[in-house]
Amino acid sequence: MTINQNTDQVLAALAKQTVELPSWAFGNSGTRFKVFGTPGTPRDPFEKLSDAAQVHRYTGITPRVSLHIPWDLVDDFTELAARAAREGVTISVINSNLFQDDDYKFGSLTHADPAVRAKAVAHHVACLEVMRAVGSKELKIWLPDGTNYPGQDSLRARQDRLAESLAQIYTATRGDETILLEYKFFEPAFYHTDVPDWGTSLLHCLALGPRAKVCLDTGHHAPGTNIEFIVMQLLRQGRLGAFDFNSRFYADDDLMVGAADPFQLFRIMFEIVSQGALDPSSGVNFMLDQCHNIEPKIQGQIRSVMNIQEATARALLVDLAALGEAQREGDVLTANGLLMEAYSTDVRPLLAGLRESMGLAPDPLAAFKASGYEARVAATRVGGIQAGWGA
Ligand code: PSV
Ligand code: MN
């Protein structure tokens, strides 16, 4: 079995790859049972950006940070953007929040009461203002709306109300701004959710217009779902806007991407690579959406970025010419073997070389640990309230 021998091409593709970090990964998080505190956890969005910048300093490929509103609300967003710039990162996707307000108990953008829907739409208009203040071009919407019991509400009426609310948000966007519509098949609602799957998200995006795209969160699928097929189909339609990478063993675990199923991550990255969607010009935003409940948070983010890089490097090593030939000839075992050959290759030396060529330490985790940053922030970030889920 062969692998792609064009190392220069592989390295050039890897050098252009970027991953966006979620601000909330740096705050304390947990399950509904317990949120554990960690010394040095940021106390405000400014400190979250400083931690995110550490990940970029050691991996070299995470120059952007997503914010969640209202968790990351500050008095002066120009100041926050300036802090990001000083730290060497930029503020990127703005996430709205429709899941922590009493008014949204029975829904937000789908609520039967027009006043609640108007409030939810207005929240997105406020998010657009944040975007303009920080220079962001993407608004991400995850809709927690749904019902717990059959008959609780009209499935059809909720879709119609959703379409109308989304259209109002889309109308408020400018020509260079994109809406990312995320889907999730359960939770917090358990009988049905109003955007449960990629098909529903895509239908709404198609109705809205070309600047509405689907966000695929890898944790938001039923066990056994062929996620790479969804990736392929959305790319085929030009509507794959972004990933929320993480991994799951059971539900929406939000664990480190590649921890639960590195082979699935490889298969996803192979669809990306083989359709040319790794290149930044494809417009696909590769983001993390994770929580580090028990592991050190900055290290958890660094490890996740390394996992994505390793999966990408392996995907780039697939011998596409040989694969095409095997597929045309119906040579099943060779075709499958070519994928497995690339997947089985140890790409860590290649990535260490890439980092050295970028002026970085070959082992980002070791270099970060040796820097003493964790001990420094644990000693200096005293007093105040640590940022966490919901703040
Ligand atoms: C929902 O589970 C979700 O994946 C959405 O992206 C939210 O905004 C995010 O998690 C919060 O972590
Ligand atoms: Mn998500």
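Just so you know, these numbers use all the heavy atoms, side chains as well, and skip hydrogens, waters and symmetry mates. Predicted model, so just to flag it, every value in this text is computed and none were measured. Order of listing sets the numbers, starting from 1, for every ligand and every atom in it.
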- Message: Do K369 and Y58 form a cation-pi contact, if we require the NZ or CZ to be under 6.0 Å from the six-membered ring centre and within 45 degrees of the ring's axis?
- Response: no
- For F368, is the NZ or CZ atom of R57 found under 6.0 angstrom from the centre of its six-membered ring and inside 45 degrees of the ring axis?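 Judged by the rule (NZ or CZ under 6.0 Å from the ring centre, within 45° of its axis), R57 is not positioned above F368.
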- Task: Check whether any side-chain heavy atom of V19 sits under 4.5 Å from a side-chain heavy atom of T59, and report yes or no.
- Result: no
- In the protein, what heavy atom is nearest to atom 3 (C) of ligand 1, and what distance, to one decimal place, separates them?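 For this ligand atom, the closest protein heavy atom is D289 OD2, 3.4 Å.
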May I ask you to list the atoms of ligand 1 that are less than 4.0 angstrom from any heavy atom of [X]?
X    : value
W24  : 12 (O)
H220 : 1 (C), 2 (O), 3 (C), 4 (O)
K184 : 2 (O)
H68  : 7 (C), 8 (O), 11 (C)
D244 : 6 (O)

- Item | Partner of R161 by salt bridge (Lys or Arg N to Asp or Glu O under 4.0 Å), out of D113, D153, D194 | D153
- Note on the structure: Scanning both residues in full, the closest heavy-atom pair of G175 with R211 reads O-CD, 3.1 Å
- Query: Do we see a donor-acceptor contact under 3.5 Å between the side chains of H192 and T147?
  - Reply: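 H192 vs T147: donor-acceptor pair found between side chains.
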- Pair N307, S304: side-chain N/O donor-acceptor within cut-off below 3.5 Å: no
- Aromatic rings W24 and W71: how do their planes relate, parallel, tilted or perpendicular, breaks at 30° and 60°? perpendicular
Does [X], backbone or side chain, put an N or O under 3.5 Å from an N or O of ligand 1?
X    : result
D254 : no
W71  : no
S96  : no
D252 : yes

- Query: OD2 (D217) to the Mn ion (ligand 2) to OE2 (E182): angle, nearest 10 degrees?
  - Reply: 90°
- Task: Quick one: the OD2 of D244, the Mn ion (ligand 2), OD2 of D289 angle, rounded to 10°, please.
- Result: 90°
- Any donor-acceptor pair under 3.5 Å linking the side chain of D253 with the backbone of A251? yes
- Message: With a cutoff of 4.0 Å, is E187 in contact with ligand 1, counting heavy atoms of the residue only?
- Response: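 Per 4.0 Å heavy-atom rule, E187 does not contact ligand 1.
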